[in-house]
S.K.: 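Take a look at the following structure, please.
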Amino acid sequence: MRWQTKARVQRTCARVPHGERLYVQLQRRLGTLNASPDDRIPYFLQMVEWLHDAGISPLGKRCLEVGTGHKATLPTLF
């Protein structure tokens, strides 16, 4: 979904009664709110491999995650 469309939906839900509940239902039916955070682990392992191949170790480093969304699995693993 384009970010502009998502922003319009969020803005609309913010303006209506029970909009937060409505937005959660929309995410469950149309989005990925019901996806398991464990699905992100292979992406984390791939990123660690890319870093290793580039000669970079994430151990002891500070990382900035932009756009975490509703599942903060990758930043938590880092």
Side-chain angles (χ1 to χ4, degrees):
M1 176 182 294
R2 294 179 51 196
W3 71 266
Q4 295 95 337
T5 304
K6 186 172 182 175
R8 278 190 215 101
V9 170
Q10 289 174 327
R11 194 170 34 249
T12 301
C13 287
R15 292 179 178 158
V16 300
H18 308 289
E20 184 175 334
R21 200 174 329 162
L22 172 63
Y23 185 71
V24 168
Q25 290 303 314
L26 288 170
Q27 277 285 28
R28 284 197 175 126
R29 292 176 191 267
L30 305 173
T32 57
L33 190 59
N34 59 356
S36 169
D38 296 339
D39 295 343
R40 305 268 190 201
I41 293 174
Y43 297 111
F44 167 75
L45 296 173
Q46 179 67 58
M47 285 185 211
V48 171
E49 185 178 324
W50 289 336
L51 290 169
H52 180 266
D53 291 347
I56 302 169
S57 170
L59 295 175
K61 302 286 193 301
R62 291 183 184 202
C63 299
L64 172 66
E65 212 311 328
V66 178
T68 299
H70 67 273
K71 289 186 273 188
T73 307
L74 293 176
T76 301
L77 289 171
F78 271 108

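Just so you know, residue 1 is the first one in the sequence shown, and it goes up from there.
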S.K.: Enter the distance from Leu30:CG to Gln25:CD here, rounded to the nearest 0.5 Å.
M.R.: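 Between atom CG of Leu30 and atom CD of Gln25 there are 10.5 Å.
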S.K.: In Å and rounded to the nearest 0.5 Å, what is the CE to CD1 distance from Met47 to Ile56?
M.R.: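 Taking CE in Met47 and CD1 in Ile56, the distance rounds to 13.5 Å.
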S.K.: Are Ile41 and Trp50 connected in a single hydrophobic cluster, I mean Ile/Leu/Val/Met/Phe/Trp/Tyr linked by side-chain heavy atoms less than 4.5 Å apart?
M.R.: yes
S.K.: Compile the donor-acceptor pairs under 3.5 Å between side chains in residues 8-21 and protein atoms, sequence neighbours left out, one pair per line.
M.R.:
unit_1: Gln10; atom_1: NE2; unit_2: Tyr23; atom_2: OH; d: 3.1
unit_1: Thr12; atom_1: OG1; unit_2: Arg8; atom_2: O; d: 2.9
unit_1: His18; atom_1: ND1; unit_2: Arg21; atom_2: NH2; d: 3.1

S.K.: With the side chain counted from C-beta on, respond yes when Glu49 and His52 share a heavy-atom pair under 4.5 Å apart, and no when they do not.
M.R.: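 Counting from C-beta outward, Glu49 and His52 never come under 4.5 Å.
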S.K.: Holding to side chain to side chain contact (heavy atoms under 4.5 Å, CB included), I want the full list of residues that pass it with Arg2, two or more places apart in sequence or in another chain.
M.R.: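 Result, side chain to side chain contact (heavy atoms under 4.5 Å, CB included) vs Arg2: Gln4, Thr5.
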S.K.: CZ of Arg28 to CG of Leu26: how many Å apart, nearest 0.5 Å?
M.R.: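 These two atoms lie 11.5 Å from each other.
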S.K.: For Phe44, what residues pass the ring pair (Phe, Tyr, Trp, His ring centres under 6.0 Å) criterion, not counting sequence neighbours?
M.R.: Phe78
S.K.: Measuring from atom CZ of Arg40 to atom OG1 of Thr76, what distance do you get when rounded to the nearest 0.5 angstrom?
M.R.: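 If I round to the nearest 0.5 Å, the distance is 11.5 Å.
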